[in-house]
Amino acid sequence: MLIKIKKSTDIRSSEITDKKLYLSRREFMRAASTAAWVAATGSLAPDLVGPDMAQAGEKLEGVQKGPFGTDEKLTPYEDITSYNNFYEFGTDKRSPSELSKNFKTRPWSVVVEGEVNKPAVYNLEDLIPKTLEERIYRLRCVEAWSMVVPWVGFSLGDLIKRFEPTSKAKYVEFTTLYDPEQMPGQRRNVLDWPYVEGLRMDEAMHPLTILAVGLYGEVLPNQNGAPLRLVVPWKYGFKSIKSIVKIRFVEEQPLTTWSKAAPNEYGFYSNVNPEVDHPRWSQARERRIGEFFKRKTLMFNGYADQVAHLYAGMDLRVHF
Ligand SMILES: Nc1nc2c(c(=O)[nH]1)N[C@H]1C(S)=C(S)[C@@H](COP(=O)(O)O)O[C@H]1N2
Ligand SMILES: [Mo]
């Protein structure tokens, strides 16, 4: 009888039920590779956000606990990285994890332009601060599901200050990479490529708003928007644009991809609001991925204490 021995690569990650176990195995392997690195280069540790080392799954260094944490149960790593919306890699939830495997995220640069004193083409490495924060945020998709994600990132507001916006900068517009060779979803006209999103300046400067470069303490997987994605936790998930290559400061409200595609369904603000239904379905409840029963959706996705004042006096049925 032939005994089939499972190679480690045959073990599907879904079989690894406990992320802690998974991490400790990774950490062991990492310690081994760090030792080899030190022996080879004499330097202390590999630069994990440097040009060559940033691979999904690499552990990120210098991560501190950030503010605004929730103590809700984290959505398992396996779900966060296999149930994705990233239309550049296909429209069903499974395809981003399958089709983004070879997506090249290094070298990566970001164009900063428009109403700023310091417009430039920045290398990604120059935009990422030495100290990163873990921010555990709820992500609520407009499709009425949600997750709790331990992002690793940094304050967008702090970064914006470095560019010195002028007094004419009223909005920030973000653009995703356009590269149909690498992004098979862009070969079809499902959306008007490249994907564009935007925030009002005060939303962009709000301390809740971050740019993420990782999750679960590790470099961001490609399907989650590597190497750099926005996370705006009080807005529907589609505002959190992935794989950003351009940040533009403008005077007029940007025309965003989803509001261009269906203006009566997706407004510019897109604040999570259980009282304003999507024209085709209710937004009153949501299904937390991995759970069976639906739960009530909270105003501003539960961040009302932090952000409600930004919209004082605005009719949120008009500015949906
Ligand atoms: N460039 C780009 N960014 C995107 C999307 C997309 O299709 N393309 N989908 C959005 C939607 S609808 C959601 S819900 C979130 C999903 O993020 P996640 O896959 O990390 O959970 O990404 C958002 N950012
Ligand atoms: Mo979404």
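Owing to the predicted nature of the structure, the values given are computational and were not obtained by experimental measurement. First listed ligand is number 1; within each ligand, the first listed atom is number 1. Count residues from 1 along the sequence.
Contacts with ligand 1 closer than 4.0 Å are made by heavy atoms of both the backbone and the side chain of Phe86. Of the heavy atoms in Glu88, only side-chain atoms (C-beta onward) come closer than 4.0 Å to ligand 1.
Here the CD1-CZ distance, from Ile241 to Phe174, works out to 8.0 Å after rounding to the nearest 0.5 Å.
Here the heavy atom of the protein found nearest to atom 15 (C) of ligand 1 is Gly237 O, 3.6 Å. Atom 6 (C) of ligand 1 has as its closest protein heavy atom Tyr195 CE1, 3.4 Å. Protein heavy atom at the shortest distance from atom 3 (N) of ligand 1 is Lys242 N, 3.2 Å. When hydrogens are left out, the protein atom nearest atom 7 (O) of ligand 1 is Tyr87 N, 2.8 Å; that is the closest non-hydrogen contact. The protein non-hydrogen atom at the shortest distance from atom 14 (S) of ligand 1 is Cys141 SG, 3.5 Å. In terms of protein heavy-atom proximity, atom 9 (N) of ligand 1 is nearest to Asn85 O, 3.1 Å.
Between the side chains of Thr297 and Glu286, at least one donor-acceptor pair of N or O atoms lies under 3.5 Å. Side-chain contact, Glu143 with Asn85: a donor N or O sits under 3.5 Å from an acceptor N or O. Under the 3.5 Å distance criterion, with hydrogens and angles disregarded, no donor-acceptor pair is assigned to the side chains of Arg248 and Tyr171.
A search for side chain to side chain donor-acceptor pair (under 3.5 Å) contacts involving Tyr122 returns nothing, not counting sequence neighbours. Qualifying salt bridge (Lys or Arg N to Asp or Glu O under 4.0 Å) partners for Asp79, counting only residues two or more places apart in sequence or in other chains: none.
Salt-bridge formation is not detected for the pair Lys246/Glu173: no Lys NZ or Arg NE/NH1/NH2 atom is positioned less than 4.0 Å from an Asp or Glu carboxylate oxygen.
The contact set between ligand 1 and Asn84, taken as ligand atoms under 4.0 Å from a residue heavy atom, comprises 18 (P), 19 (O).
A cation-pi contact links Arg138 to Tyr303, judged by a cut-off of 6.0 Å to the six-membered ring centre and 45° from its axis. For Lys239 and Phe268, the positive end sits near the middle of the six-membered ring, less than 6.0 Å away and at most 45° from its axis.
Considering only non-hydrogen atoms, atom 11 (C) of ligand 1 lies nearest to Phe238 out of Trp193, Trp258, Phe238.
Geometrically, ligand 1 and Thr176 share a nitrogen or oxygen pair separated by less than 3.5 Å. Remark: ligand 1 and Trp151 share no N or O pair separated by less than 3.5 Å (distance only, no angle test). Residue Arg229 has at least one N or O atom closer than 3.5 Å to an N or O atom of ligand 1.
Residue Ser240 places a heavy atom under 4.0 Å from ligand 1.
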